[in-house]
Amino acid sequence: MADEVVLLSFWLSPFGMRIKIALAEKGINYDYKEENLQDKSPLLLKMNPVHKKVPVLIHNGKPICESLIIVQYIDEVWKETCPLLPSDPYHRAEAKFWADFIDKKIFDSGRKTCMSKGEETEAAKKELIESLKVLEGELGEKPYFGGEKFGFVDLCLIPFYTWFYSYETFGSFSMEVECPKLIGWAERCLEKESVSNSLADQQKVYQFFGQMRKMYGIE
Amino acid sequence: MADEVTLLNTWPSPFGIRVRIALAEKGIKYEHKEENLQDKSPLLLKMNPVHKKIPVLIHNGKPICESLVIVQYIDEVWKETSPLLPSDPHLRAQGRFWADFLDNKVLDCVRKILLTKDEKEAGKELIECLKLLEGELGEKPYFGGEKFGYVDLSFIPFYSLFYSFETFGNISIESECPKLIAWAKRCLQKESVSESVADPEKVYHFWEQRKKKLGLE
């Protein structure tokens, strides 16, 4: 019986992009459904009644929610191809630690940097840059966070690359100046088709935030 | 070579209790080091330089941080005894989902009750979260089904705080979520749990003092 795989997501969501990359890495065919977050579909509300958020993966009718949980699920079900997490328990724990760091430290401070002004932006930007520098330290001289190969932590972080231009413009700073190694790492990741085919366009993201700022009177 | 296992912890932390239960379930001998969070040890700062938080598990000199990451690590390393996560990937994903719910939605309410003046509002929000958990438990003896598992382990440490939530938040968990109380009592029959959870009265006094210090009376 062929697998039926559906992904509910929103084009801007870095969490959704993680899933697209994971599915592409594993070569899984799936049906993509773009959600309108101002008018959530009955399917989304049925499949994620607790959080009502994207992304949701529906595998043979059964939903899996929360991007890191979905990625681990994909890695466990389609375990023969392109393992995303390492096999050693200690390295797996390290990878999960950094994915958790990214979720706690990057998303919120990044979003605040784009959706605020004045002092609030300065505070958010400071936290964002500090956190990105910690990640840069963890990357060190390795080509990928996973070592020689693209892995779980790389997959978790690379979608935020699509927001870099927005961070820089609204936050008035330069990623190249503050975190040059991360820019080098991002360019390396973008050479992978699974990544370049899954990421949103940076300019489109920037325009979206521009519109949101107008809507919320943050100009 | 015998395993060297050390746990850096503080007695009131529900996150530390999770790790203690996991170690007890697996029958792992370890050294417990009580930390003073107002005066963190050089060992803690060395082993968790990023967050400087407890719990930290140190296994043969190598640190593992974040309670759910630690519990999964313990489950993978000592995989022969008392598996905590199920083997089926979809059930594992469900287990992780509810543990994540505890660490996001429930924890938000917990922080508001313990660390802010919005205790009563947060108390109402907490009841809503607990009812969702009660719905997920359903008629099962444990969240894991017939056996105590990952979600049970992740949640039961919060039982030590129920008395505090009720008193500060002006709620009654017993009347709003009777099935959860029954589930908690079932878990407490397990030695690994009863020996690891903190005493609810002690925990209440700890937070009462903390609130006074923070001027939240």
Asker: Does any backbone or side-chain atom of B:R96 lie under 4.5 Å from a heavy atom of chain A? Answer side chain, backbone, both or neither.
Answerer: both

Asker: Enter the distance from B:L91:CG to A:K62:NZ here, rounded to the nearest 0.5 Å.
Answerer: 7.0 Å

Asker: Tabulate, in ascending numerical order, the residues of residues 26-35 of chain A having at least one heavy atom closer than 4.5 Å to a heavy atom of chain B, or enter 'none'.
Answerer: none

Asker: Hey, is NZ on A:K40 packed in by over 12 heavy atoms from elsewhere, all under 6.0 Å?
Answerer: yes

Asker: So for atom NZ, which belongs to B:K140, do other residues, nucleotides or ligands contribute more than 12 heavy atoms lying within a distance under 6.0 Å?
Answerer: yes

Asker: Please state whether the side chain, the backbone, both or neither of B:P49 comes within less than 4.5 Å of a heavy atom of chain A.
Answerer: neither

Asker: A side-chain contact here means heavy atoms from C-beta on lying under 4.5 Å apart; do B:Q72 and A:K96 qualify?
Answerer: yes

Asker: Among B:L132, B:V69, B:I70, who wins on heavy-atom pairs under 4.5 Å with chain A?
Answerer: B:V69

Asker: Taking non-hydrogen atoms and a cut-off under 4.5 angstrom, which of residues 68-90 of chain A neighbour chain B?
Answerer: A:I69, A:Q72, A:Y73, A:E76, A:V77, A:P89, A:Y90

Asker: A quick test of your reading: do over 12 heavy atoms of other residues, nucleotides or ligands sit less than 6.0 Å from NZ of B:K120?
Answerer: yes

Asker: Measure distances from A:H59 to the heavy atoms of chain B and classify the residue's part below 4.5 Å as side chain, backbone, both or neither.
Answerer: neither

Asker: By a 4.5 Å heavy-atom criterion (distance strictly below it), what part of B:H51 contacts chain A: side chain, backbone, both, or neither?
Answerer: side chain

Asker: Would you find more than 12 non-hydrogen atoms of other residues, nucleotides or ligands less than 6.0 Å from B:E34 atom CD?
Answerer: yes

Asker: Tell me whether the count of non-hydrogen atoms from other residues, nucleotides or ligands lying under 6.0 Å of NZ in B:K26 goes above 12.
Answerer: yes

Asker: NZ of A:K20: more than 12 outside heavy atoms within 6.0 angstrom?
Answerer: yes

